[in-house]
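Being a predicted model, the structure only gives us computed values, none of them experimental. Lettering follows sequence order; numbering is per chain, from 1.
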Number of protein chains: 2
Amino acid sequence: MQNDGSHPFVIDRLTDSPGVLRCEGHRGSAPNVRFRASLPTGRVPALSQSFPGEGGPGADMSLETIARLAGVSRSTVSRVVNDDPRVRPAVRERVRAVISDQDYHPNAAARSLASRKTRIIGLLIPGAVSFVFSDPYFPTLIQGITDACNAADLHVMLMMDPSDDPATIDRLYRRVIRGRHIDGLVIGTSMIDDPLVARMRDDRFPTVVIGRRPDEPMLSSVDIDNREAARLTVEHLIDHGHRRIGLIGGPRVVIAAQNRFDGYHDALAAAGIVADPDLVLDSDFTQSGGSAAMRHLLGAPGGPPSAVFVASDTMAAGAFTTLAEAGARVPDDIALVGFDGLERHLQTHPTLSTLAQPITGLARAAVEMLRRRIDAPEAPPVHHLLPTFLWRRGSCGCSGPAPPGSVWHPTGTVIAADVQGDPRSHAEKGGEPVHDHPALVAPV
Amino acid sequence: MQNDGSHPFVIDRLTDSPGVLRCEGHRGSAPNVRFRASLPTGRVPALSQSFPGEGGPGADMSLETIARLAGVSRSTVSRVVNDDPRVRPAVRERVRAVISDQDYHPNAAARSLASRKTRIIGLLIPGAVSFVFSDPYFPTLIQGITDACNAADLHVMLMMDPSDDPATIDRLYRRVIRGRHIDGLVIGTSMIDDPLVARMRDDRFPTVVIGRRPDEPMLSSVDIDNREAARLTVEHLIDHGHRRIGLIGGPRVVIAAQNRFDGYHDALAAAGIVADPDLVLDSDFTQSGGSAAMRHLLGAPGGPPSAVFVASDTMAAGAFTTLAEAGARVPDDIALVGFDGLERHLQTHPTLSTLAQPITGLARAAVEMLRRRIDAPEAPPVHHLLPTFLWRRGSCGCSGPAPPGSVWHPTGTVIAADVQGDPRSHAEKGGEPVHDHPALVAPV
DNA sequence: TTGTACGCGTTATCAT
DNA sequence: ATGATAACGCGTACAA
């Protein structure tokens, strides 16, 4: 069981500090022989030489080359490349043949310089959530964004806030935005007091935020109705007969977390239930945070709750393990409902009931909205809400494990297109759902 | 419990098909009033107008403008921007003042066009693993890459293979690579028969692959010694007294999975144990895959194993749930060791013993190696191995839950720098660890 | 339908 | 140390 002595080298320390990856250790058979390994990761002073293309096709190709080979002018080649109809079919074919033959691809930088478009959009993951970046929500979102961009012939520049260094953030994004590196920006999640948001608005830079920001009506946004969704979810627990219902929420700086918090209170208030403050916990969207919060709830002064609304599936997974340890049965002793609808958590026993949000849909919508915003920067901003579904399964008490092919249960959450530029949420405006936005809702 | 009728609109169907996000439903209070919502996500015919800058500072700024305002030539401004030492401090300060005053930022496209460098690197997640993209391994890797790029003043273009459409892959990456969109490429994981890898080699495009590819010695690579690490892990189980040891492996198309498979067999062979084929399962690196595999193992013809090496922590988490259902105690009935060392899985009970790999270190190393490769394209490729640690905790039988601050146990896995260009793994060359690479290992 | 000529904003090479 | 000037590769009015 003592591996240390049986192998030639033993690492005593691994330091993964900024600028250098460093290891220290000793020789297993001779402890006095020490060694140190380091891999610098700092900044290079300057770039030296350029990458030389190979000698064959594809090297040093330009419109000029293709034009010569095809016996036409640069303009004609350019038109062919850009699918300009004003080119005779015969010529087009000839040029295409040469292009394909030479494996020519237009230079992105030259294109951007001339067209003032990069066909790159930025995807920003705010720094304050980067510690929870491994929550499956973000990978799913990212995959959705990249898929949508693939379909739209766009590229994605991924930017993650280094939350530990505000100066870097500033420098980085000004470079990217002001340097015209990207045509538009998707902000992956909405946080209060996000300094970048205000700047994007001031810069009038094409931006779509995922998650509504009533404070920033001039930035397009796409979201689900977190508050209403949370209300429905808690209402469902109330319908199950629960009166003592806990909340494991996310950090309030995440606007969605605040909305879910509000929805929780809406539901209780509507049912005439007085919320027990000891049952309302702000956690951090991590699995361990969910575990810890559930431990707190089990030891609540007024006794544990009979049901808990957990504001993310990842936290719900943590809550599950705590309950398993404590020997509490789900849903008999404590019922549970999560939020997100992540496939990853369908494996719990009993299966996790959860309010499912269309993450891929949010991603697609964000990309589509951004494209329009880039094409028509002066058009008013747009705010969209996508539908959600309360997925009733085992942990809320509805039924046993759902069969693999089970269908989402509609909850009645509404697709609403806010009045353009109106920063107030749909609920705040107090009326019927707005469903006459041509792009979103059309009567059958 | 019937929410459907109590809300104004009910979504009957949500179709998230390519090209359009579509919803259908009816009015809750009037089932005959139906509506349909759709959000097109297709391709735009062409871009129309450019993004207009605002009127104040930052609009239409160029070297020329700054030069005029500072009373110098474009060249001087360019030198200041690029930290060229050949400029008088006084002038430099004056120019800097104007730049800062005008909030000027150089245009990325123009820069790239003139310098033939984009300062963007591509990060490719192969399509065959995209279904397992939400495994925390990838988010962690991505975060490491972006952090390293931030530090090096580089940007990241994220590319995810749409595995369902080979034609798109081809078109996309040729555009990106041949269009000179990026200076270099990091391939996030090594798969056998990855067509892109061969092309990168043929194009002599600066590329670093994470995960060794003995078949592609001309591409730089960074990896851990998966085979040796797996061998050590299984050896550890053997040291615990286990003889009937199962393997839940990853898909063999992932080279690392094959390596871990080999290491498993190495350990058994070294101990004179004949492997029971019924205990060796290829799974898919997902949690549900781990669950299913463990169910298979419990029903193995020769009886369940007394210990299982699970080739990823995520699968181990799945295995855990299966064991919990079956009422099997860990590690008393069945011992478990995972692979990856992901923080997310530290919450199991008992705590998961796991072979931890330095994911962030792999990311940093990849970026650093790629930078060098970009700077010196003609230098020979480099192959690095990073150290790993067997984190002995509860599930292997070593001890109870580790305290929060517990330190990684070194395993003696070696930092090795392969001889340049030598495709054979360190183990294959059969010798002592190579520890004299100047950049990696220096005696203390 | 096709070609000419200019501009995009920067870097790099010469001069001075 | 600084300034003029020529690329860089492409898009696009405008002319033909």
- Message: Nearest to the side chain of B:Ala114, heavy atoms from C-beta on, is which of C:dT11, C:dG3, D:dG3?
- Response: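 My answer, after comparing the listed nucleotides, is C:dT11.
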- Query: When you measure from the side chain of B:Ser62, which nucleotide among D:dG9, C:dG3, C:dG9 comes out closest?
  - Reply: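 The answer is C:dG9.
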Looking at [X], I'd like to know whether one of its side-chain N or O atoms comes within less than 4.0 Å of OP1 or OP2 on [N].
X        : N      : result
A:Asn82  : D:dG11 : yes
B:Arg88  : D:dT2  : yes
B:Arg116 : D:dG9  : yes
B:Ser73  : D:dG3  : yes
B:Tyr104 : C:dT10 : yes
A:Arg111 : D:dG11 : yes

- Query: Is there side-chain contact between A:Pro126 and A:Thr189, with at least one heavy-atom pair below 4.5 Å?
  - Reply: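 Of all side-chain heavy-atom pairs linking A:Thr189 with A:Pro126, at least one is under 4.5 Å.
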If I take atom [atom1] in residue [X] and atom [atom2] in nucleotide [N], what distance separates them, rounded to the nearest angstrom?
X        : N      : atom1 : atom2 : value
B:Glu64  : D:dG3  : CD    : P     : 12 Å
A:Asp83  : C:dT1  : CG    : P     : 15 Å
B:Leu113 : D:dA6  : CG    : P     : 17 Å
A:Asn107 : D:dA7  : CG    : C1'   : 13 Å
A:Asp84  : C:dG3  : CG    : P     : 13 Å
B:Arg86  : C:dA12 : CZ    : P     : 10 Å
B:Leu63  : D:dA7  : CG    : P     : 19 Å
A:Arg119 : D:dG11 : CZ    : C1'   : 15 Å

- Item | A:Pro89 or A:Arg74, whichever maps to the more 5' nucleotide of DNA chain C |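 Upstream on the strand: A:Pro89.
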Distance-only donor-acceptor test (3.5 Å): side chain [X], base [N]:
X       : N      : result
B:Ser75 : D:dA4  : yes
A:Arg79 : C:dG3  : yes
A:Ser78 : D:dT12 : no

- Message: Using modelled atom types and a 3.5 Å cut-off, is there a donor and acceptor pairing between side-chain atoms of B:Thr118 and backbone atoms of B:His181?
- Response: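 Yes; judged by distance alone, with no hydrogens or angles, the pair exists.
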- Item | Check: B:Asp153 main-chain N/O paired with B:Arg119 side-chain donor or acceptor under 3.5 Å |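 Here the side-chain-to-backbone pair exists.
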- Between A:His105 and B:Val72, just flag the one whose closest nucleotide in DNA chain D comes earlier from the 5' side.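 It is B:Val72, whose closest nucleotide lies nearer the 5' terminus.
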- With sugar-phosphate meaning primed atoms plus P, OP1 and OP2, does A:Val81 contact a base, only sugar-phosphate, or nothing at under 4.0 Å between heavy atoms?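 It contacts nothing in the nucleic acid.
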- For A:Met160 against B:Asn150, the heavy-atom pair lying closest together: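 Heavy atoms of A:Met160 and B:Asn150 come nearest at O-ND2, 3.5 Å.
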- Test side chain to side chain contact (heavy atoms under 4.5 Å, CB included) applied to A:Val77 and A:Ile66, A:Val98, A:Thr65, the passing residue: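 Exactly one candidate clears the test, A:Ile66.
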- Query: Does the pair B:Arg111 and B:Val81 meet the rule for a side-chain contact (heavy atoms from CB on, under 4.5 Å), with working shown?
  - Reply: CA-CA 11 Å; B:Arg111 255 190 153 166; B:Val81 166; 3.3 Å; yes
